[in-house]
Amino acid sequence: MEERSLKLVAGAVLGGVGVACVAAVAKRSLRKSARQAASSPFEYHLAIHAKLDLPSQSEWTLVKLHKAADLVQLKQATSQALGLEDSQSLQFYIVARDGAGRCARLGLLTQTSSLQAMQLTLPSDVLQVVELICTTSDPPAVSEVPTAAAPFPLPGPCLPLMGTTYQVLGPDPMPMYNLSRNVFPPRASKFPYGSTVGSYNGGRKEAIGDFPPNTIFHDDAHTVTILTASASIVEELIARTPDFPKLWNRRAQIGLQDFTENGLFTSSETSEDWKAAHSLLPRGFNQIKIKNFAPQILAKTRAFIREWSHFRAGQRVEGVNDWLTAMTADAVVTCSMGFDMRNVERLGAKQPPHKFVDNFRIGLGVSTGSINASSEYGWKRHLPFFNAAGRLQAKYKAAKSNMQEQVEQMVEATREGEMGGQNSIIRAMLEDRTGDGRHIRYGALYGHVVNLMIAGHETTAATLGFTMQLLAQHPEYEARALQEVREVLQGKTEPSVDDVPKLQFVEQCFREALRLYSPVTSLTRDAAHDTLLGGHRVYQGQRIVVVTRALHTNPEYWGGKFGDPLSFNPDRFSPDAVKDRHPNAYHPWGFATRSCIGSQFALFEAKTFLASMLLHFRLEGIPGYEIVASTHAGGAAPSPKDLAFIVYPRPGGPLWSDTGLMQPLPALALSTPESPKAQPGQPQGSLETTNGHKEIAEGPVMKVLYGSNAGSSQEFASQVVAAAGKAGFQASLETLDAAVSMGSMVPDGRTVIVVTSTYNGLPPDNACHFKEWLVKQRGGALNGLQFAVFGVGNSQWHTYQQFPREVDAGLHSCGGTRICGLGACDVDSSSFDSDFEDWLANLLQRIGGASGGANVVSAEDDSGRDEFMLENGPLDSVTVQADVKNGVAAINAAMQTAAKLVGEAAAPPSRNVALEVVLPSRELCKKPDARSVRHVTLRLPEDHPGYQPGDHLEVLPPNDPALVQMVLDVLQLREDAAVRWNLNRMQKKWRNVNVGKDAGWWEKLPSLHLTAGLVLQYFPDLASPPGRKACAALAQLATNPAARDELVLLGSDAEHHKLKVASVGLSLAELIHGFKGNLECQIGDILVIAKPLAPRRYSVSSNPESLQDKRFVTVTVGQVKFTTGTGRVHRGLASTRLGNMEVGDAIPGNVKTMQSNFHLPEDRAAPIIMVGPGTGLAPMMGFLQQREALLKKGTNVGHATLFFGCRSRDEDYLYQEELEGRYLKSGALSTLHVAFSRESGQKVYVQDKIWEERDAVWRLLQDPKCTVFVCGDARAMAPDVKRAFQKVVESGGNSSSSAANMIAAMVQSGRYVEDVWA
């Protein structure tokens, strides 16, 4: 019995040991398999050691090779990486190492498939990179093979638990400044450990996110962080963006992300939220938008100077960082979101900042750790039951909750049209689509807004503080900056939008401060796969940190003739110095795909502010003050700790007085910035507000508030804004509810005008919260507020004017002062408009502005009507142009005359030239009654520079002759009536005839004479439905009350306008013709009211060298035809004209080159994939012609695949004979795949064909030179095609994220280009 028991026990023990052994083997196998996944899924990362006696050769060089590439391609890639001219003689030997890491044997590489086999044998604890020896002779002895690629060196000895992290310790509050001092000392002759190191954290394994589940990382990825101050390493990171993505996946980052959420700057590149925002948000800060923001930036700069002008001369101003933060926060939110928080004015009035700023600071400070229990509660945190941590967390949660609520209010106000204009970032996020047709996720809006707040104001404010202190410490540079400002401004007291780019030395000062004290102290990237970086090994998931302080003070780039890298010397950024320096030695705003989208905005804002401050003030630093960069105030960006100045007026400046005392700017002074040309009716110093109304950049503040459901009150309120702007007020428009949520009801002496209606005695929908707020106010709460109320109502209701009366009484009982009595109009009365105009005239008279009722409101609307005038004088000495050719020639001659008068050698190139038809157009569809597409051949002028395949032809189409005749009938004009075009009074909307010039240039243009028919053909858009503003303007021209009332209603009532105009597609010409006999108007009135015709673009479908004349250019034009709701048959303006033009006819237009470089690769042997369904085939035809011409010259061209799509073979198979007969036979086209969507029961599109041919497509995509061209519909086709290509990459054995990264890398490198339209 005992023997049997012992056997059982022994068996169990042996079985357990067996299971344990199997488990251990399985675990090692699983780890090995998982670590093999650390290699790139679609390309080999090869470490190559060349035995070629090359100069400056590193031990190991990285070569990347697609897994489908052959040995010839490996030789070519290696030759390119090593800088060799000859690749044919290269031989490769695979390195196999023993357990100790020594080379055990070398095997000749005869086929690239052996690389995969070798990769599978690599142990899990080594770098998953295959090593090769490259030579042109016999292989070296195994003893001559160097050890594997080394890690970056440690920055000093490792200490227990700390590793080398002690290097962040030192006297500076900023750890990265200490690290720079200890590891990358700026004043050393060379760095003690090199310019890139690997810092060991002592063995703590930090979690790594944003990689596939169950990813097993090498220990170094968890414990060793690579730190660099090398521009060469940065250059490699930029060149290899897909290998080193920006990931937001570490503990500190995730802590910050709890507050900022998945915003543009605090998310990983793999995030769908980031991809959408990265596609859309940069549009909000392009150069055009920045110029549009200039008035708001200038207004906030003026407000800052006004508040500081109230300091005594010689006064010590503390809290400068708070002032600068207030200014930059106001500027970025006003510009990008259409909401002025007035923090500068609040600070001047010793009021707390806007709650948005307070909540922002608390949330950001707690999430980054700069606000903690110690800084917030001091010694109290040690008291029993005080619970400092709990209190701080509650404060943080409340701040975040308040922030979310405020952002939601801003979003809703924008959605309702109460806040923000066309430049609003929030509006863009709500309405615009990304490049692949997606909207930004609604839940992501909060994160993006908070991210913009961090990047948009903290960083700029901090750098401005450093710049001001450094200039105060270096009067020699301050004097140079001041001299430049005075020379550029030439006596003005503030810069104009055109002055700012000329402030080169001011920019150098700002950039130098940004170098020394970068607001972003480190820039991070993560390794996507095991690879080499700078010849050293890097493991998947390992973090690379660019230490900006170290990079920007590296003596290799910043020392030399400029001396100490820590010294302030703006000459480091002179154009010559910048040209001579490594291009990647300076990255204060990030780099590659994560570059700051607002850097140019910040630069424009900083230069505007610094120039104005230099002119107005002389700042003295506090004796003994030394700059210490710190986040003590709770921000994310380091700012100069305890910054303060002694402030004096600049001698001889705007604030200087003979006594030397500060001369404060008057509280209500109206500033008049330089303007290129003040339009008639527009005062100097006016600006476009975010809601589209004119607003005076300075002057008394007026808030015009409205409550409206039907739109009449809003329209009246808009007229108040326009009139008040002309009267010298800083006027803006908001709903009554928005005024409450945005804090506009501030009793600081401002004027508030309310225009509201009532519905059954209740407030309008957008005034309900205002009523709730008003009834809660106590007596005296609004002391100092000046107000006036105008009510809109219908006297047939017994509650007529009830809510306006409540508003008027409520504001008065709370302490507000009435400017004038309650005004009212009855919509049921014929005096509806005149009652309002009388009240407005009375209001303006009482506040000291202009009077005159209707004249005030409509003066601006009359501007420009005398630009086009019927010529009543003799025509004996003038030539009246009646066609496009002569009209374009006359414009060019007028420009040449103006150029001579201003002393220019030649006129600028014309935007439009006469494009002449040289061959009859050709129908491309077999059933044109169902669908018509025409091939049109035009000729460029003799002196035209020409075009290349892939360019666009932009044409300015004429209006439909029937629409032109409608307007001529109303004007009672013949088509050949002479119209004088006074070019010297040209409105900006017509300047699409040429490039922009300054006002002095335009004033020299002589008048031209055109026929009325030609003017109405090519200037006003007569086909589009007119907006409400156009309807209201026509009402001013009505001679019949019924006509006027109808037009007023169309202009004021959104629903009525939608019903009668927008929903049925009623054209402007039809609307005007409908009131024939009831309008008293001239041709100039029509042109003022109408919006300009927009040019249309077509992809050229030809190659100039393939046609009989290089000036010939062809386009492929689909005919557009449909019936509108009015019963009118609408024909596409451009397509109809182009398709019906006779030989000899002309149309205005020109060649336009796409920014996306939609042209054949420079390497003609590179393979291409073309996707062009329908008329998207046009540019591909040009490419095929170009390739055919190259073949005839003996040039080797790469493989070319075309995916084309149409309905059916016998209906709209465009260019069938050319594709199947000519280009396939000549070799210009290698393979052709056609998707027919109507030939079978199942619709087949180009994306289906791409997937069907996935094996062949994947082979092409693996060629690193392969380029994909996509042309056609942007809404559905283009995103579907991109998804199809991504699926093809996935079919090659790649994960979804790897496939997306590959397509994204192709897009970024210009190897996936689109020419698409909505």
Side-chain angles (χ1 to χ4, degrees), residues 340 342 418-419 668 686 689-696 699-708 711-740 742-758 763-764 766-767 770-771 773-774 777 782 784-793 801 803-825 833 835-854 856-857 860 1052:
D340 185 0
R342 294 180 61 80
E418 300 165 0
M419 184 181 111
L668 302 181
S686 69
T689 64
T690 51
N691 52 38
H693 294 282
K694 291 282 189 291
E695 175 184 315
I696 296 300
V701 174
M702 177 186 285
K703 295 290 182 181
V704 182
L705 315 178
Y706 68 90
S708 177
S712 297
S713 295
Q714 181 178 357
E715 186 65 31
F716 281 151
S718 299
Q719 294 182 33
V720 175
V721 171
K726 295 187 178 102
F729 279 83
Q730 189 184 167
S732 59
L733 186 68
E734 290 176 337
T735 66
L736 285 160
D737 280 352
V740 174
M742 297 299 144
S744 298
M745 298 299 292
V746 180
D748 58 356
R750 67 179 59 187
T751 300
V752 171
I753 308 298
V754 177
V755 182
T756 186
S757 54
T758 190
N766 51 16
F770 178 87
K771 181 174 180 179
W773 172 84
L774 185 60
Q777 302 306 302
L782 298 178
L785 186 78
Q786 300 185 77
F787 75 93
V789 179
F790 186 83
V792 180
Q801 299 293 341
F803 181 62
R805 285 198 300 268
E806 291 175 359
V807 173
D808 181 70
L811 293 175
H812 184 259
S813 66
C814 293
T817 302
R818 286 192 184 97
I819 300 171
C820 58
L822 174 66
C825 72
D833 286 327
D835 289 343
F836 169 74
E837 289 167 1
D838 291 344
W839 175 84
L840 179 57
N842 180 40
L843 171 69
L844 293 172
Q845 207 165 25
R846 287 175 176 264
I847 61 178
S851 62
V856 174
V857 177
E860 186 176 0
S1052 60

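- Residue Ile753 holds its CD1 atom at 12.0 Å from CG of Leu733, rounded to the nearest 0.5 Å.
- Gly823 and Trp839 make their closest contact through CA-CD1, 3.5 Å (heavy atoms, listed as atom of the first residue, atom of the second, distance).
- Distance CD/Glu806 to CG/Leu774: 8.5 Å, rounded to 0.5 Å.
- Evaluation of the side-chain hydrogen bond (donor to acceptor under 3.5 Å, both in side chains) test over residues 808-817, restricted to residues two or more places apart or in two chains, returns Asp808-Arg818.
- Counting all heavy atoms, side chain and backbone alike, Glu734 lies closest to Ala739 at OE1-CA, 3.6 Å.
- A 4.5 Å side-chain heavy-atom check between Leu785 and Arg750 finds at least one atom pair inside the cut-off.
- In terms of heavy atoms, Arg342 sits closest to Val701 at NH1-CG2, 3.5 Å.
- Residues Phe729 and Val704 fail the side-chain proximity criterion, which asks for heavy atoms closer than 4.5 Å.
- Between Ser757 and Pro804 the shortest heavy-atom distance is O-CD, 4.2 Å.
- Minimum interatomic distance between Asn766 and Gly707 (heavy atoms only, all atoms of both residues): OD1-CA, 3.4 Å.
- Smallest separation of non-hydrogen atoms from Thr758 and Gln801: CG2-N, 3.9 Å.
- Of the residues Cys825, Cys820, Ser713, the one that meets the side chain to side chain contact (heavy atoms under 4.5 Å, CB included) test with Phe790 is Cys825.
- Remark: Phe787 pairs with no residue by the ring-ring contact (aromatic ring centres under 6.0 Å, His included) rule, at least two apart or across chains.
- The NZ atom of Lys771 sits 11.0 Å away from the OG1 atom of Thr756 when rounded to the nearest 0.5 Å.
- Between atom OG1 of residue Thr735 and atom OH of residue Tyr706 there is a gap of 6.0 Å, rounded to the nearest 0.5 Å.
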